[in-house]
There are 2 protein chains.
Amino acid sequence: MPDSQKEPAPVEFAKAIADNTRQKIMKFCCCNWRSVTDIVAHMRVTQPTVSHHLAILRDAGLVDVRHEGKQTFYRLDRKRIVNCCGVLEHTFAPDE
Amino acid sequence: MPDSQKEPAPVEFAKAIADNTRQKIMKFCCCNWRSVTDIVAHMRVTQPTVSHHLAILRDAGLVDVRHEGKQTFYRLDRKRIVNCCGVLEHTFAPDE
DNA sequence: ATTATATATAGACGATCATCTATTTGTCAA
DNA sequence: TTGACAAATAGATGATCGTCTATATATAAT
């Protein structure tokens with residue numbers, strides 16, 4: 001299985017989502033494909049900062065990416081989120 | 001409701017668990033009360049470092065604390081963990 | 001080809017963080 | 001009360017992180 005399909009370990013997952021800016025991006029991309037430009041317009045940080053955070057989410061396997069012409073679209077991988085939360089629960093609350 | 005009973009916001013929860021040392025402590029305290037001394041013996045960091053991480057978990061409301069004589073015992077609050085994971089899922093994967 | 005637009009990358013800077021040693025605080029036993 | 005043990009706190013240091021400006025890369029339009 002390639003790295004790109006491996007779920008992040010609990011620590012990697014936690015680090016990836018442990019930032020306000022990233023969580024805001026995650027919510028914005030939760031249920032729709034969003035271009036980087038749209039994400040930037042929705043945030044109060046610069047475009048390079050958004051790209052930086054998108055790279056972290058991408059490296060953690062938490063977003064899907066699609067290229068279309070000049071634009072790049074991102075969407076949160078909700079199944080991956082659910083899976084990671086499940087791993088967290090199983091790791092730290094095995095009996096419930 | 002006092003702060004000590006409020007669940008941490010998704011960002012606070014993620015930050016609290018976004019560290020290898022803390023996750024190791026969390027696993028060790030998952031299903032049993034553990035004294036600080038026992039936790040230190042189980043880890044490869046110094047006692048003050050363990051105390052530091054315990055304070056972070058305590059501030060995030062993720063552990064229960066009990067004093068007994070000279071010793072202090074910690075235990076992971078598994079229900080809180082489950083609840084936080086649920087909030088995460090609901091926040092970032094509302095439809096699944 | 002040149003220009004404009006979209007996104008990524010490089011490098012710098014200040015803030016936060018994890019860890020350490022040294023010390024303090026609190027509790028029990030002699 | 002003195003000494004021993006348990007845990008927390010203070011302060012320092014190096015590493016990581018989030019953000020910025022400047023620049024590079026890629027694609028489309030003129």
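Per chain, numbering begins at 1; letters A, B, ... match sequence-line order.
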Need two values: the first and the last nucleotide of DNA chain C, 5' to 3', having an atom under 4.0 Å from any heavy-atom of chain A. C:dT5 to C:dT9

Taking the six-membered ring of A:F28 as reference, does the cationic atom of A:R34 (NZ for Lys, CZ for Arg) lie under 6.0 Å from its centre and within 45° of its axis? yes

How about B:M26 and B:I81: do any of their side-chain heavy atoms sit closer than 4.5 Å? yes

Name the residue from B:D77, B:L76, B:V82 that meets the side-chain contact (heavy atoms from CB on, under 4.5 Å) definition with B:K79. B:D77

For A:V45, does its backbone N or O pair with a side-chain atom of A:T49 as donor and acceptor, under 3.5 Å? no

Expected output is a numbered-order residue list: members of residues 11-32 of chain A with a heavy atom under 4.0 Å from any atom of DNA chain D. What is it? A:D19, A:T21, A:R22

In the 5'-to-3' direction, what one-character label does each nucleotide of nucleotides 2-10 of chain D receive under the scheme B = base within less than 4.0 Å of a protein heavy atom, S = sugar-phosphate only, - = no such atom? ---BSBBB-

Is the shortest side-chain heavy-atom distance between A:T72 and A:S35 below 4.5 Å? no

Separation of A:T21 OG1 from A:H52 NE2 (nearest 0.5 Å): 9.5 Å

Is there a donor-acceptor pair closer than 3.5 Å between any side-chain N or O of B:Q23 and the backbone N or O of B:I17? yes

Group every Ile, Leu, Val, Met, Phe, Trp and Tyr by side-chain heavy-atom contacts under 4.5 Å, then state whether B:M43 and B:V36 land in the same group. yes

Measure from the side-chain N and O atoms of A:R22 to the backbone N and O of A:A16, and report whether any donor-acceptor pair falls under 3.5 Å. yes

Can you find a heavy atom in the side chain of B:T91 that is under 4.5 Å from one in the side chain of A:K27? yes

